[in-house]
Engineer: 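Quick one: the structure is below, questions incoming.
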2 protein chains.
Amino acid sequence: MAARTMLPVHAAPTCSVAGAAEIVGSKWTVLLVHDLSEGPRRFTALERSCEGISPRTLAERLRWLETEGIVVRHSYAESPPRVEYALTPKGQALLPVVREMRRFGHDWLGCGVHET
Amino acid sequence: MAARTMLPVHAAPTCSVAGAAEIVGSKWTVLLVHDLSEGPRRFTALERSCEGISPRTLAERLRWLETEGIVVRHSYAESPPRVEYALTPKGQALLPVVREMRRFGHDWLGCGVHET
DNA sequence: CAGTATCCTCAAAGATACTG
DNA sequence: CAGTATCTTTGAGGATACTG
């Protein structure tokens with residue numbers, strides 16, 4: 001897919017499925033939620049687990065997820081600086097979707113057998 | 001989201017979630033599966049229920065879903081011509097994902113309350 | 001470490017018109 | 001009815017380099 005419009009977000013989609021699709025409709029979004037489901041993660045950790053994402057895209061996605069209320073950013077004024085991202089309750093509400101996606105991938109795409 | 005690459009499909013994604021995201025990662029795909037979950041539908045019917053999709057895009061999406069084995073096309077040599085699209089077992093396996101998406105949309109996006 | 005700043009590519013998909 | 005043919009826009013997101 002391509003130039004899908006990822007951002008209208010508050011245009012109140014016609015149906016709940018379409019609304020969820022706006023959010024789920026990105027490989028990165030889903031992957032990030034999946035990663036964060038195991039606990040808070042730092043920028044670099046997410047960068048590593050999302051094979052091939054660029055820092056630009058990662059920062060953008062995280063910012064977007066934050067405005068969607070799916071992720072929270074916690075910044076600790078330490079040295080070296082530490083920032084962690086975590087799921088909000090809304091973000092956690094997305095986990096059943098991710099779970100079913102994983103099941104589907106496992107059952108029908110013949111992959112992910114050994115993964116979490 | 002935008003110019004997301006929707007088609008690598010057989011590049012065997014790293015994990016099952018990513019694999020499913022390749023499929024679910026389009027508003028249209030999900031909407032079409034959702035529509036077809038109620039039974040076979042004709043081109044024009046799908047065109048109507050997918051508010052705003054162009055015939056070009058619809059035809060393309062359907063073709064893609066067909067090659068993915070998610071949808072079957074049945075063409076009846078009548079006059080006027082009739083073509084119907086239906087979900088395959090693989091396509092039906094996607095329904096739990098759609099169901100969870102709908103639940104999420106309903107619970108957190110405040111929409112879809114009266115819809116199927 | 002956790003990002004920004006720039007530049008650029010490229011494919012999804014809209015609009016419109018036409019056809020077997 | 002069920003699409004195809006063109007043409008064009010658009011914007012996500014990759015690459016790379018730099019910074020508080």
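Please read these numbers as outputs of a predicted model, since none were measured by experiment. So that the names make sense, note that chain A is the first sequence line, chain B the second, and so on, each numbered from 1.
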Engineer: Return the orientation label for the A/Y76 and A/H74 ring planes: parallel under 30°, perpendicular over 60°, tilted otherwise.
Structural biologist: tilted
Engineer: Quick check for you: among D/dC1, D/dG3, D/dG13, whose closest atom lies nearest to any side-chain atom of A/E60?
Structural biologist: D/dG13
Engineer: Roughly how far, to the nearest 0.5 Å, is CZ of A/R61 from OG of A/S54?
Structural biologist: 11.5 Å
Engineer: Whole angstroms only, please: what is the CZ-P distance between B/R41 and D/dC1?
Structural biologist: 16 Å
Engineer: On a heavy-atom basis, which atom in B/E51 and which in B/W28 lie closest, and how many Å separate them?
Structural biologist: O-CH2, 3.6 Å
Engineer: Kindly write out the residues that satisfy side chain to side chain donor-acceptor pair (under 3.5 Å) with B/T88, not counting sequence neighbours, or none if the list is empty.
Structural biologist: none
Engineer: Of the listed nucleotides (D/dA2, D/dG3, C/dC1), which one gets closest to any side-chain atom of B/A59?
Structural biologist: D/dG3
Engineer: Mind calculating the distance between NE2 (A/H74) and C1' (C/dA2) to the nearest angstrom?
Structural biologist: 16 Å
Engineer: Without decimals, in angstroms, what is the distance between B/E51 CD and C/dG14 C1'?
Structural biologist: 14 Å
Engineer: Measure the distance from CZ on B/R63 to C1' on D/dT4 and round it to the nearest whole Å.
Structural biologist: 8 Å
Engineer: Among pairs that include at least one residue of residues 39-48 of chain B, which meet salt bridge (charged side-chain N to carboxylate O under 4.0 Å, His left out), considering only residues two or more places apart or in two chains?
Structural biologist: B/E38-B/R41
Engineer: Please state how far atom CD in A/E47 lies from atom P in D/dG13, giving the value in whole angstrom units.
Structural biologist: 16 Å
Engineer: Which residues pass the side-chain contact (heavy atoms from CB on, under 4.5 Å) test with B/E66, not counting sequence neighbours?
Structural biologist: B/R73
Engineer: I need the CZ-C1' distance between A/R42 and C/dG3, as an integer number of Å.
Structural biologist: 13 Å
Engineer: Nearest 0.5 Å, what's the OG-CG distance between B/S26 and B/L65?
Structural biologist: 8.0 Å
Engineer: Between D/dG3 and B/Y85, is there an OP1 or OP2 to side-chain N/O distance shorter than 4.0 Å?
Structural biologist: yes
Engineer: Salt bridge check: are A/R103 and A/E100 linked by an N-O gap of less than 4.0 Å?
Structural biologist: yes
Engineer: Expressed as a whole number of angstroms, how long is the span from A/L62:CG to C/dC1:C1'?
Structural biologist: 14 Å
Engineer: So, using side-chain contact (heavy atoms from CB on, under 4.5 Å) as the criterion, who are the partners of B/P40 when residues are at least two apart?
Structural biologist: B/E84, B/A86
Engineer: Pairing of DNA chain C as dot-bracket, 5' to 3': ( ) intra-strand, [ ] crossing, | other strand, . unpaired, with Watson-Crick or G-U pairs under 3.5 Å?
Structural biologist: ||||||||||||||||||||
Engineer: If I take atom CD in residue B/E78 and atom C1' in nucleotide D/dA2, what distance separates them, rounded to the nearest angstrom?
Structural biologist: 13 Å
Engineer: Generate the contact string for nucleotides 14-20 of chain D. Rules: B means base contact, S means sugar-phosphate contact only, - means no protein heavy atom under 4.0 Å.
Structural biologist: BB----B
